[in-house]
Amino acid sequence: MEQILANGIYLGAQYAMIALGLTLIFALMNVLNFAHGQMYVLGGFVTYTFYGQLGLPFVLALTMSCVTLAVVGALIEKFLFGPVIRRSAREESTMLLAAGLAFFFDAVILLVFGEKQRGVPKIVDGVFNWDFRVIMPYDRILICVLAILSIVAFILFMQYSKTGRALRALAQDRTAAQLMGVNVERYSMIGFALGAMLAGLVGGLLVTITGINLGMGGPTSIKAFMMVMIGGAGVISGAIAGGIILGFMEAIGLAVLSQYGDITYLMIFVSLMIFLAIRPQGLMGKPWG
Amino acid sequence: MKRRTLVKASLAAAVVATMQAGAAWAQNPVLKIGFVGVTSGPAAAWGISNQRSMETRAAWINEAGGYTIGGTTYDIEIVSFDDQKDPKRAIAGMEKMANEGIHYVVGPNVDDGAAAVRPVAEANGIMYFPYAFPKALYTAPASNAVLGMVANYQSGPAIYKYLKDEKGVKSVAFVAANESDPLSQRDGGVAAAEALGLEVVSSNVTYQVDTTDFTPVLTPVMRTRPDLLVLSGVSPANAPQLIRSARELGFQGIISTETAQDATVLSEGAGDLANGFISVGGASTPEIASDMMNEFVDRYTKMFGEYNDESNTKVYALEYILETIKANPAAIDDVEVFKTTMDSFEAPNPYMKGGAVLKYVGSSSFGQKRQVAVPLVVNVFQDGKFETLFVAEVD
């Protein structure tokens, strides 16, 4: 039981971080960013390059992942999503753009980083073992703590900084925010950059545990969408709740259902379908969007 | 004006150079060999190592002036198609090969893709060399597929017997991805282990192919305390994470698989935790690699920046196709002749030291010779590289 709880907390923390960036972009721009998983993968490869290949300190490599993805996100918003949103009222235009971006990132990652699974040296050695009731390597504990701290820092930033308030205003009512003097174009770009940066941050953190390969993008996006659907699209607290719930469902399912084969995600998907049929807006979303 | 002249002159020079290059290329007729396999997504490493092995060898042959078959020297062109591990795409890929008049195709990489392309291959006179294990592909009435590697039901028993006799292994647990290839390999492994008298303590645990964190997956397996943990059909992307999780959960037994792996990937992903990991490889360990294998590795590395140890096995398919056609040039566009030639074909194995030969095997497993005789090299990973544990032959 203790092990299930530990696995659930660890998985939940990392999943919540993955979902945060996706839901932020959705809240600000009503864009379903299908390339979010690929951004996560790119962040992992940047950390791999600076920490694993060039031997720079992990913190510096992680910073490079954040900066790189923030720049990429800003450029994508300025030159792709921004113009498309201005010119087309149809939501599927941005969806197709996001899907195209996902394929583009896959191709670029394959060309630049290759097809192989990549890994980096452990940032902390050793394993915490509480009488075989809870076994958790120290690097997972560290990454879990860093993920929780990052989520707290993100919430504080959104709650108390001028930029965070502007972003929240933008998410609540774009027109009203504009009338109140918020520079919509500028803050849309900042918001997209922040969402991409979160993907880069979690990619950089998790490359130390799971490694990285070019095929991780699609499945990561799917899990992120599941978390957002559970918590409520466009709601920050919903994404965190969705991540933690998915993490615990996975940990419990893998422990309890393992003897029946790989049915954990089958059960999760069935549960999600029933849940959405009852509450389509998710736990914390609003039925009117 | 001067600048315009310079641009025109540059363009003219480029056109002339291109035409010359084209003329040089066109000196020899071209023999096209196809590849249909997965070169994108999580399993991309499997197909890319195939494709790059073929491209490396083809470039090498072309650089040396071409490949002579029946008095005609051909340049070799590799025509590739990414099936994305999707059987429908694999069929489309095989149809593309048929449309291009190609009679010899390497791939697909997985069971369902290999089964899906069978009707297309048989209807269009194509011999194909899958890296998939279902016996139905190679057993009569099927006759167009040739297994390109050693199957798990051939390597597994040899590995388990070695570990039972030499390392005192008594119990074994199997873990597999929830996909057709790993699951069928797991079932074959369980049967082989039970036939040897090993106790199978866990074989139900499976994982999603896109799993990135294996600690929750392996936790119930570790409770069964096996002597041997078999990662059935594990992909190179998942192997280091599984090893790492198992070791971090306190597993001190032996870990093995019957698929080919890459030393760099293991080293980066699991480090010293991968020491002692047993896998099946090709022929590039120093003990058995010939000068030609070493040169192949060098050329591959120069061409693509990094070698992939899986190519130790994947280098063979193109060599078999070309050597067999060379042995009977009428097979160049007639696969029935190719099939007849396979029964008696034999040529020196250029990638191994000693007197190893290229020949078709598989009579014991399939009732007909529908498998290339690549060496069954069982490797153990140690301090960043593979060492040969033992070498065996299949048939």
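Predicted model only: the values in this text are computed from it and were never measured. Below, chains carry the letters A, B, ... as their sequence lines are ordered, and counting in each starts from 1. Worth knowing before you read on, the calculation uses all heavy atoms, side chains too, and leaves out hydrogens, waters and symmetry mates.
A salt bridge does not link Glu268(B) to Lys122(A): none of the charged nitrogens lies less than 4.0 Å from a carboxylate oxygen.
Note that CD1 of Ile135(A) and OG1 of Thr215(B) are 9.5 Å apart. Values are rounded to the nearest 0.5 Å. Asn213(A) contributes atom CG, which lies 8.0 Å from atom OG of Ser235(B) (distance to the nearest 0.5 angstrom). One distance of note links CG of Leu110(A) with OG of Ser40(B); it measures 8.0 Å at 0.5 Å rounding. Note that CD of Gln261(B) and CD of Gln117(A) are 11.0 Å apart. Values are rounded to the nearest 0.5 Å. To the nearest 0.5 Å, atoms OG1 (Thr220(A)) and CG (Asp210(B)) are separated by 8.0 Å. A distance of 5.5 Å separates CZ in Arg140(A) from CD in Glu248(B), rounded to the nearest 0.5 Å.
Only the backbone of Val120(A) comes within less than 4.5 Å of a heavy atom in chain B; its side chain stays farther off. When heavy atoms are compared at a cutoff of 4.5 Å, Asn308(B) approaches chain A by way of both its backbone and its side chain. Only the side chain of Ser245(B) has a heavy atom closer than 4.5 Å to any heavy atom of chain A. Only the side chain of Gln14(A) comes within contact range of chain B, with heavy atoms under 4.5 Å apart. If you measure heavy-atom distances from Asn7(A) to chain B, the contacts under 4.5 Å come from the side chain alone. Proximity to chain A is limited to the side chain of Arg52(B), based on heavy atoms less than 4.5 angstrom apart. Contacts between Thr219(B) and chain A at a heavy-atom distance below 4.5 Å involve the side chain alone, from C-beta outward. In this structure, chain A has a heavy atom under 4.5 Å from the backbone of Pro236(B), while its side chain stays farther away.
Residue-environment remark: CG (Asp272(B)) stays at or below the threshold of 12 foreign heavy atoms within 6.0 Å.
Asp139(A) approaches Arg244(B) most closely through the heavy-atom pair OD2-NH2, 3.0 Å.
By the 4.5 Å heavy-atom criterion applied to side chains, Leu11(A) and Asp213(B) are counted as neighbours.
Comparing Leu254(A), Thr210(A), Ile212(A) by how many heavy-atom pairs each has under 4.5 Å with chain B, the most go to Thr210(A). Counting heavy-atom pairs closer than 4.5 Å to chain A, the top residue among Asn178(B), Val205(B), Asn238(B) is Asn178(B).
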Working for side-chain contact (heavy atoms from CB on, under 4.5 Å), residues Asp262(B) and Lys116(A): CA-CA 9 Å; Asp262(B) 182 79; Lys116(A) 287 186 182 180; 3.1 Å; yes
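Of the possible donor and acceptor atoms, none in the side chain of Glu115(A) sits under 3.5 Å from a partner among the backbone N and O of Ile48(B).
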